[in-house]
Each structure stands twice: as C-alpha cells, then as structure tokens.
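Please read the structure below before turning to the comments.
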Amino acid sequence: MFLTLLLVTFVVSILVAVIVVRMFAKPIESILRRIISDEISGAWLRYMKFAILVVGVSAGVRIYELEKYISPIRFEKDAKVLELTQERWILEIYRTIIGALQGIAWLLLVFFVFALVAYVIVRIAEMKNSQRGEQGSS
C-alpha cells in the first residue's frame with residue numbers, strides 16, 4: 001500500500017508540475033527573450049521547465065512525511081505505524097498538490113524577481129544607448 005501511495009504522489013506531483021510548465025512557458029519565454037535577446041534564451045527556457053518539474057516533484061513528494069506509514073513515529077512511548085485509510089489517501093494527495101504548487105510558486109517568485117531586476121537593467125542600458133545615439137547624430 002505504501003508503494004502505491006508513493007507512486008501516486010509522484011505521478012500527481014509530475015502532473016501538477018507539467019500543468020504549471022504549460023501555463024507559464026509562454027510568459028517565461030517572452031521574459032527571457034526580452035532580457036537575453038539571444039539564442040541562449042531557449043536554453044534558459046528549457047532549464048526553467050526542468051527546474052519547475054524538479055521542484056514540483058521534490059516539494060510534492062515528501063518522503064519524510066510518508067515515512068510514518070512504514071515506520072513507527074519516533075520519540076513516542078506507544079509508537080505505531082499509521083494505517084493508510086481512505087481519508088489519509090485524500091489528505092496525502094491534497095498535500096502533494098499543495099506542496100508541489102507551493103514549491104513551484106517560490107521558484108517562480110524568485111525567477112520573476114530576478115527577471116524584473118534584469119529587465120530594469122536592460123531598460124536603463126537601452127535608454128543610455130538611445131541618448132548617446134541622439135547626441136551623436138546632433
């Protein structure tokens with residue numbers, strides 16, 4: 001039963017990550033093209049998709065939390081292994097979805113903060129270049 005739960009949480013977290021990758025692929029691609037404006041932006045987009053998948057799976061499948069279904073709870077007198085009931089299955093799948101989304105949300109937040117800083121730097125550089133071009137043509 002534990003292996004089935006592990007497999008189900010793994011598959012659910014992959015599905016959540018794939019859905020998020022599809023939702024954010026275009027915005028990330030346009031941001032990277034704007035900031036980098038080189039062929040390497042495609043490589044960065046692939047990396048971001050991979051990072052979303054890895055973070056989604058690692059945040060969604062919480063091995064230490066699932067351990068309670070195969071090992072007794074430590075540091076308790078009457079330690080016993082928790083039973084996997086239907087309610088616990090639903091709770092674990094819910095935790096998987098929320099955990100995967102939460103991990104991906106943090107990753108995307110960090111990415112968008114750095115992208116915003118990079119965008120501001122690119123805009124400042126463009127404005128300085130346009131001012132130099134106007135002064136040189138006068």
Side-chain angles (χ1 to χ4, degrees):
M1 197 68 140
F2 170 77
L3 290 177
T4 308
L5 178 63
L6 183 62
L7 181 66
V8 167
T9 56
F10 182 74
V11 169
V12 167
S13 61
I14 285 177
L15 288 174
V16 167
V18 166
I19 290 169
V20 172
V21 164
R22 288 182 184 237
M23 286 174 51
F24 284 93
K26 295 256 190 236
I28 292 173
E29 181 181 15
S30 61
I31 288 170
L32 288 172
R33 278 192 186 157
R34 176 71 175 112
I35 293 171
I36 299 174
S37 69
D38 196 3
E39 291 178 18
I40 199 165
S41 67
W44 277 101
L45 176 64
R46 279 183 107 164
Y47 172 74
M48 279 302 298
K49 288 179 179 181
F50 174 73
I52 290 171
L53 286 171
V54 169
V55 168
V57 170
S58 66
V61 181
R62 299 155 337 278
I63 297 297
Y64 296 113
E65 283 291 317
L66 297 178
E67 215 175 85
K68 63 188 172 192
Y69 297 114
I70 57 172
S71 304
I73 299 173
R74 297 180 194 148
F75 310 116
E76 287 191 21
K77 246 183 187 180
D78 301 327
K80 58 183 175 180
V81 176
L82 290 177
E83 184 181 337
L84 274 171
T85 62
Q86 182 179 3
E87 291 83 12
R88 291 196 191 271
W89 270 88
I90 293 168
L91 183 63
E92 289 301 329
I93 291 172
Y94 177 76
R95 283 182 182 165
T96 298
I97 294 169
I98 294 300
L101 288 173
Q102 189 175 28
I104 293 169
W106 277 108
L107 170 74
L108 290 175
L109 177 67
V110 170
F111 169 76
F112 285 120
V113 165
F114 280 107
L116 181 62
V117 170
Y119 177 76
V120 168
I121 292 170
V122 167
R123 289 288 292 163
I124 290 171
E126 287 175 348
M127 288 171 47
K128 284 184 180 180
N129 285 339
S130 68
Q131 287 176 353
R132 285 182 189 156
E134 289 174 4
Q135 291 174 353
S137 64
S138 304

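Quick caveat, the model's predicted, so the values are computed rather than measured.
- Contact record, A100 with G56: CB-O, 3.4 Å, taken as the closest heavy-atom pair.
- I19 and I14 fall within the same hydrophobic cluster, defined by Ile, Leu, Val, Met, Phe, Trp and Tyr side-chain heavy atoms under 4.5 Å apart, directly or through other members.
- The side-chain contact (heavy atoms from CB on, under 4.5 Å) test with T96 singles out one residue from T9, L5, V16, V57, and that residue is T9.
- With rounding to the nearest 0.5 Å, the separation of CG in L6 from CD1 in I63 is 5.0 Å.
- From L15, atom CG reaches atom CZ of F10 across 10.5 Å, with rounding to the nearest 0.5 Å.
- Side-chain contact check for F24 versus I104: every heavy-atom pair is 4.5 Å or farther apart.
- The CD1 atom of I31 sits 4.0 Å away from atom CZ of F112, with the distance rounded to the nearest 0.5 Å.
- In this structure the side chain of L108 reaches within 4.5 angstrom of the side chain of I52, judged on heavy atoms.
- Pairs engaging residues 93-108 under the salt bridge (charged side-chain N to carboxylate O under 4.0 Å, His left out) rule: E65-R95, E92-R95 [sequence neighbours left out].
- Heavy-atom neighbours of E126 CD from other residues, nucleotides or ligands within 6.0 Å: above the threshold of 12.
- Residues V18 and I93 share a hydrophobic cluster, clusters being chains of Ile/Leu/Val/Met/Phe/Trp/Tyr side chains in contact below 4.5 Å.
- With rounding to the nearest 0.5 Å, the separation of CD1 in I121 from CG in L116 is 10.0 Å.
- With contacts defined as side-chain heavy-atom distances shorter than 4.5 Å, the pair R34/R123 qualifies.
- Hydrophobic clustering (side-chain heavy atoms under 4.5 Å, transitive across Ile, Leu, Val, Met, Phe, Trp, Tyr) keeps Y94 apart from L101.
- Within the model, atoms CD1 of I35 and CH2 of W44 stand 11.0 Å from one another, a figure rounded to the nearest 0.5 Å.
- In terms of hydrophobic clustering, with Ile, Leu, Val, Met, Phe, Trp and Tyr side chains grouped at heavy-atom distances under 4.5 Å, Y119 and V113 are assigned to different clusters.
- Just one residue in the list M48, M23, R33 forms a side-chain contact (heavy atoms from CB on, under 4.5 Å) with I28, and that residue is M48.
- The hydrophobic cluster around L91 extends to none of the other residues, as no ILVMFWY side-chain heavy atom falls under 4.5 Å of it.
- Here the straight-line distance linking atom CH2 of W106 with atom CG of L109 works out to 6.0 Å at 0.5 Å rounding.
- Here the closest heavy-atom approach between residue G60 and residue S13 is recorded as CA-CB, 4.0 Å.
- The two residues G103 and A59 come nearest to each other via the heavy atoms CA-CB, 3.9 Å.
- Under a hydrophobic-cluster definition in which Ile, Leu, Val, Met, Phe, Trp and Tyr are linked whenever side-chain heavy atoms come within less than 4.5 Å, directly or via other members, F50 and F111 are assigned to different clusters.
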